[in-house]
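The analysis underlying the following values was restricted to heavy atoms, covering all of them including side chains, and did not include hydrogens, waters or symmetry mates.
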Amino acid sequence: MNIARRDLLAAGLGAAVLGTRPAEARSPATPQEPKPAAPAPDGWVRHEAHELGLEGRGWEDVAAPYHRLPARAKELVRDPVWRLSTQTSGMFVTFNAATPALRFEVDLSEARLALPHMPATGVSGVDLYAREGDGPWRWVYCSRPASQSYAAEVKGLSPTSRTYRLYLPLYNGATSVRVAVPEGVELTPVAPRETPPLVYYGTSIAHGACASRPGLSFVNILGRRLDAPILNLGFSGNGRLEMELAALLGELDARVFVLDCLPNLSPKLVAERTEPFVRALRAARPDIPIVMVEDRVNANARFLPGRARHHEGNHAAFRAAHGNLVRAGIGGLTYVPDAPFLGDDGEATVDGSHPTDLGMVRYADALEPVLRPLL
């Protein structure tokens with residue numbers, strides 16, 4: 001990357017320096033024209049997911065169909081951010097079918113299927129929900145990956161006409177995801193919604209750690225509850241309020257921006273980075289609400305005084321930055337203190353930091369009433 005360009009970004013001028021927002025930067029991504037699907041000898045008719053219409057991707061100028069950032073971001077962001085952006089957290093495909101069975105064939109981009117504190121079902125699995133008419137989304141099935149390329153089948157479904165939503169892996173990427181129905185069954189894709197998305201920029205928690213399956217990431221939970229498209233830009237260990245990301249976020253036609261990066265920052269970095277980031281984003285998108293979310297306090301912080309002081313310092317620096325921005329006339333800001341997001345019983349994490357499924361539900365419970373009025 002050109003050094004002068006990086007220096008300008010670091011100075012907080014990213015949104016202005018990058019200039020016009022590319023025509024490709026819009027959300028949701030426009031689906032490709034689906035290719036005609038022919039039955040295979042085994043009787044299944046296969047459809048590539050991104051050709052059906054992929055929701056949860058904000059840019060069209062991507063290096064591969066299942067990447068979360070545009071191809072040009074590889075030269076803008078740090079290498080860890082780029083690698084994490086190739087993981088499919090928050091992406092899903094929606095379709096209608098009246099079928100007795102479904103088959104999913106997944107080719108993952110990474111051989112690692114699980115993490116020490118997160119199962120393969122959440123890291124690398126696909127997760128199926130369904131709704132009938134205007135009813136609620138209900139869970140149906142989650143795959144159990146045992147290899148980098150795998151197939152999973154759901155049989156014995158009542159062949160009622162319904163809408164299905166298939167969430168893609170949280171902590172792995174995909175080179176191909178195929179949705180298959182038996183020969184003779186009609187699968188009708190549901191196009192990604194054209195409503196601008198809520199854009200959630202955050203850390204490993206937003207990325208999905210440590211949900212047991214993709215549909216239980218709190219960002220995906222919020223998407224179902226709010227019935228609104230959400231773009232997940234959580235980057236594990238790397239949500240750091242970097243100006244390169246402010247510039248990229250500023251390209252998006254969003255309904256709301258959520259900034260939830262404190263778990264990856266120190267009080268010093270919170271004080272240094274919050275105001276420039278928000279100013280750059282506000283300059284790029286003058287009228288879009290910005291929600292500033294405090295760090296969750298670790299579940300065991302009461303036993304670790306140093307950790308408790310870290311959270312107190314982060315919160316104080318974030319509140320101070322918010323106050324400075326408001327006094328400077330930066331409008332449209334919503335400040336969200338720790339609810340506490342994880343509850344107060346210490347039972348909602350895997351390791352003190354990352355939520356279990358219970359913790360994910362509690363996160364969604366805390367954020368839903370804040371975000372709903374903004375949508």
Side-chain angles (χ1 to χ4, degrees), residues 21-22 24-32 48-51 53-94 106-110 122-127 165-177 192-193 196-209 211 214-215 217-220 222-223 228-242 244-254 256-261 264 281:
R21 291 175 285 277
E24 297 87 351
R26 53 183 179 269
S27 183
T30 303
Q32 299 180 21
E48 183 65 37
H50 73 85
E51 294 176 355
L54 193 64
E55 193 161 310
R57 191 184 74 194
W59 289 266
E60 293 184 29
D61 56 331
V62 290
Y66 298 103
H67 285 188
R68 289 187 288 157
L69 290 180
R72 55 197 154 80
K74 187 173 184 179
E75 304 302 322
L76 294 174
V77 302
R78 292 179 297 107
D79 288 344
V81 176
W82 173 255
R83 183 186 67 79
L84 293 165
S85 78
T86 67
Q87 298 172 348
T88 54
S89 184
M91 292 186 183
F92 59 83
V93 62
T94 307
V106 182
D107 296 325
L108 299 167
S109 59
E110 301 178 31
V123 172
S124 303
V126 292
D127 200 12
R165 175 176 292 180
L166 184 71
Y167 290 101
L168 302 193
L170 295 174
Y171 264 76
N172 209 326
T175 58
S176 178
V177 178
R193 291 165 289 187
L198 184 155
V199 178
Y200 206 106
Y201 173 44
T203 67
S204 56
I205 298 172
H207 197 141
S217 158
F218 81 83
V219 176
N220 287 337
L222 286 170
I230 298 185
L231 180 60
N232 189 325
L233 293 179
F235 302 112
S236 182
N238 287 276
R240 300 181 185 177
L241 293 178
E242 293 166 306
E244 293 87 346
L245 269 298
L248 287 166
L249 265 63
E251 296 177 2
L252 295 167
D253 181 19
V256 180
F257 292 107
V258 181
L259 309 181
D260 184 5
C261 292
N264 289 165
L281 187 55

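In plain terms, the two heavy atoms of A63 and A71 that are nearest each other are N-CB, 3.6 Å. Nearest heavy atoms, A206 versus S217: O-OG, 4.0 Å. Of all the heavy atoms in D253 and P197, the pair that sits closest is O-CD, 3.4 Å. When all heavy atoms of V93 and A49 are compared, the closest pair comes out as CG2-O, 3.7 Å. Across V123 and P169, no two heavy atoms sit closer than the pair O-CB, 3.3 Å. Taking all atoms of both residues into account, the shortest heavy-atom contact from S204 to S236 is CB-OG, 3.3 Å.
Note: D260 CG to L233 CG = 12.5 Å, rounded to the nearest 0.5 Å. Annotation: the span from W59 atom CH2 to R72 atom CZ amounts to 7.5 Å, rounded to 0.5 Å. To the nearest 0.5 Å, atom NE2 of residue H50 and atom CG of residue L168 are 11.0 Å apart. From S176, atom OG reaches atom CD of E48 across 3.5 Å, with rounding to the nearest 0.5 Å. Distance check, rounded to the nearest 0.5 Å: CD of E244 to CG of L69 gives 11.5 Å. In this structure, OG on S124 lies 9.0 Å from CD on Q87, to the nearest 0.5 angstrom.
Taking 4.5 Å as the limit, some side-chain heavy atom of L248 sits within range of a side-chain heavy atom of P70. Counting only heavy atoms from C-beta outward, the side chains of T94 and E55 never approach each other to under 4.5 Å. Side-chain contact between V77 and S85 is absent, with no heavy atoms from C-beta onward closer than 4.5 Å. Counting heavy atoms from C-beta on, the side chains of S109 and N172 come closer than 4.5 Å. In this structure, R57 and P192 have side chains that are not in contact, with every pair of non-hydrogen atoms separated by 4.5 Å or more. Residues L198 and P229 have side chains not in contact (no heavy-atom distance under 4.5 Å, counting atoms from C-beta outward). Between F235 and L245 the shortest side-chain heavy-atom distance falls below 4.5 Å.
For T203 (side chain) and G239 (main-chain N/O), no donor-acceptor pair under 3.5 Å exists by modelled atom type. Without hydrogens or angle criteria, N232 side chain to G56 main chain gives no donor-acceptor distance under 3.5 Å. Without hydrogens or angle criteria, T86 side chain to R83 main chain gives a donor-acceptor distance under 3.5 Å. With hydrogens and angles ignored, the 3.5 Å screen pairs no side-chain donor or acceptor of N264 with any backbone N or O of R240.
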Requested in this report: Please step through side chain to side chain contact (heavy atoms under 4.5 Å, CB included) for the pair N220 and D127, ending with a clear verdict.
Outcome: CA-CA 11 Å; N220 287 337; D127 200 12; over 6 Å; no

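Ring pair H207/Y171 is parallel by interplanar angle, where below 30° counts as parallel and above 60° as perpendicular.
The ring-ring contact (aromatic ring centres under 6.0 Å, His included) test applied to Y167 returns F92, Y129, not counting sequence neighbours. Legend: residues meeting ring-ring contact (aromatic ring centres under 6.0 Å, His included) with Y201, ordered by chain and number and at least two apart, are F277.
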